[in-house]
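These figures come from a predicted structure and were not determined experimentally. Worth knowing before you read on, the calculation uses all heavy atoms, side chains too, and leaves out hydrogens, waters and symmetry mates. Note on naming: letters A, B, ... go to the chains in the order of the sequence lines (proteins, then strands), and numbering restarts at 1 for each one.
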There are 2 protein chains.
Amino acid sequence: MPASERGPRERMVFSAAQLIRREGVGATGMREVAAHARAPRGSLQHYFPGGKEQLVNEAVEWAGRYARGRVARFVAALPEPTPSGLFAAMVRQWTDEYAAEGFAGGCPVAAATVDCAESAASTREAVSAAFTTWTGAVAEALTEMGVPGERSGPLATVMISALEGAILIARAERDVRALTAVTEELGPLLDAAVSRRS
Amino acid sequence: MPASERGPRERMVFSAAQLIRREGVGATGMREVAAHARAPRGSLQHYFPGGKEQLVNEAVEWAGRYARGRVARFVAALPEPTPSGLFAAMVRQWTDEYAAEGFAGGCPVAAATVDCAESAASTREAVSAAFTTWTGAVAEALTEMGVPGERSGPLATVMISALEGAILIARAERDVRALTAVTEELGPLLDAAVSRRS
DNA sequence: CACCCGCTATGACAGCGGTCATAGTAGCCG
DNA sequence: CGGCTACTATGACCGCTGTCATAGCGGGTG
């Protein structure tokens with residue numbers, strides 16, 4: 001949470017993700033990113049000679065790694081590891097944020113998809129990679145919980161799809177209703193997929 | 001599908017939705033909309049004195065009505081009305097489009113959410129309304145199929161959430177994998193919700 | 001005919017965007 | 001000291017955007 005005092009480069013990537021998820025890629029300016037990161041404007045072209053596209057790509061990659069890390073931490077924190085528990089934790093991260101800070105932000109990966117999927121090929125690939133690492137982490141966790149290998153992948157995709165969609169609806173309605181709906185409705189389905197072999 | 005020869009006003013709203021769902025709201029220009037609709041530029045300020053915001057709002061409202069209409073047609077076309085059948089039809093609309101025309105476009109409502117939820121209050125409300133009418137249509141259909149009234153709402157939200165998320169992933173990966181995953185995994189859950197009383 | 005009204009046509013404006021060019025600083029190395 | 005490298009600092013450029021202002025058309029109506 002604290003804008004950990006790392007190098008200015010990382011701060012800019014972090015700030016970019018932060019701004020993108022609020023306003024979208026198009027409405028996020030380079031100067032704005034530098035200002036938000038309290039980084040000198042001249043450093044932009046030094047660290048990101050590839051321009052805005054490179055910065056956006058790195059922000060997306062950062063988000064992918066961040067999501068993977070969160071999944072690992074959620075799994076570790078579960079008293080009893082169940083698929084529904086993991087999903088509930090993933091969703092709760094968003095309900096907590098919306099309760100605490102308002103409905104200002106969405107998922108930066110979703111924003112990059114909407115704004116760049118058709119216009120910037122490299123960004124589209126970065127987004128795809130981010131979804132892959134995220135889904136991979138969830139699928140691995142599911143397998144560890146006893147979900148058959150051939151179902152953990154699709155189920156992970158369902159979880160992330162439902163989460164992303166619910167985030168959209170929640171932001172639009174300024175209400176976490178959609179988020180709670182997906183947790184409650186999907187929980188039993190997810191737990192039913194573990195092949196009990198105890 | 002044919003850009004039905006209605007008035008220039010409707011054509012512009014339609015074109016706006018079309019462009020927004022491809023490039024996002026920020027990257028869609030007013031001049032571009034007029035050109036795409038083969039409408040005179042001067043008509044923009046005549047029909048949309050509220051400026052771009054009004055145009056975007058109407059595009060979103062149009063998309064909401066369109067989605068509701070599609071749901072009704074899907075239900076009517078089902079040989080045997082089941083929740084999974086409706087969901088499969090909703091998803092198939094996207095797999096068909098992606099197979100036929102490539103992964104160029106997403107959902108305009110999602111794009112408007114990402115780009116305007118924080119910056120334009122009226123657009124956020126338009127998006128919310130669009131989700132409401134869409135969800136309402138689906139929920140009503142579910143109830144008609146025998147889903148208990150108190151579950152049809154949340155289930156409709158789950159369906160639309162999963163669909164929206166899967167659209168994002170499919171566009172990013174240029175692969176309908178995510179779309180097929182949600183249909184197959186969610187189908188049984190949906191059908192299990194009908195309270196058999198035959 | 002005059003008059004008005006819906007619609008169209010352009011040109012201008014002010015602002016902001018990303019990017020380039022150029023010059024400057026700070027510190028380490030030899 | 002000179003020189004090199006990493007980073008910072010600005011200012012300018014050009015293209016594009018949404019919006020406004022103004023003027024023109026075309027056809028109904030009285």
Side-chain (B:S195) to main-chain (B:G146) donor-acceptor, under 3.5 angstrom: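 Yes, B:S195 side chain to B:G146 backbone: donor-acceptor pair under 3.5 Å.
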
Hey, is the main chain of A:A193 close enough, under 3.5 Å, to the side chain of A:R151 for a donor-acceptor pair?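 No, because the side chain of A:R151 does not come within donor-acceptor range (under 3.5 Å) of the backbone of A:A193.
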
Over how many whole Å does the gap from [X] atom [atom1] to [N] atom [atom2] extend?
X	N	atom1	atom2	value
A:M12	D:dC7	CE	C1'	10 Å
B:Q54	D:dG18	CD	P	15 Å
B:M30	D:dT17	CE	P	12 Å
A:H46	C:dT25	NE2	C1'	13 Å
A:E53	C:dG18	CD	C1'	12 Å
B:L55	D:dT19	CG	P	10 Å
A:Q45	D:dC13	CD	C1'	14 Å
B:R11	C:dC7	CZ	C1'	13 Å

Global bending angle along the helix from C:dC1-D:dG30 to C:dC16-D:dG15, which compares the axes of five pairs at either end, to 10 degrees: 20°

Give the nucleotide from the list [options] with an atom nearest to the side chain of [X].
X	options	value
A:R41	D:dA6, C:dT8, D:dG11	D:dG11
A:Y47	D:dG18, D:dC7, C:dT8	D:dC7
B:K52	C:dT19, D:dG18, C:dA9	D:dG18
B:R31	D:dT8, C:dA12, D:dA12	C:dA12

Pair B:R70 + B:E97: basic N to acidic O under 4.0 Å: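 No salt bridge links B:R70 with B:E97.
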
How many angstroms lie between atom CE of A:M159 and atom CG of A:L189, to the nearest 0.5 angstrom? 10.0 Å

Do A:F48 and A:M30 come close enough that some side-chain heavy atom pair is under 4.5 Å? no

Out of A:D115, A:N57, A:T113, which one pairs with A:T123 under the side chain to side chain donor-acceptor pair (under 3.5 Å) rule? A:N57

Test side-chain contact (heavy atoms from CB on, under 4.5 Å) on B:R174 and A:R124 and set out the steps. CA-CA 9 Å; B:R174 290 192 169 281; A:R124 206 216 76 236; 3.2 Å; yes

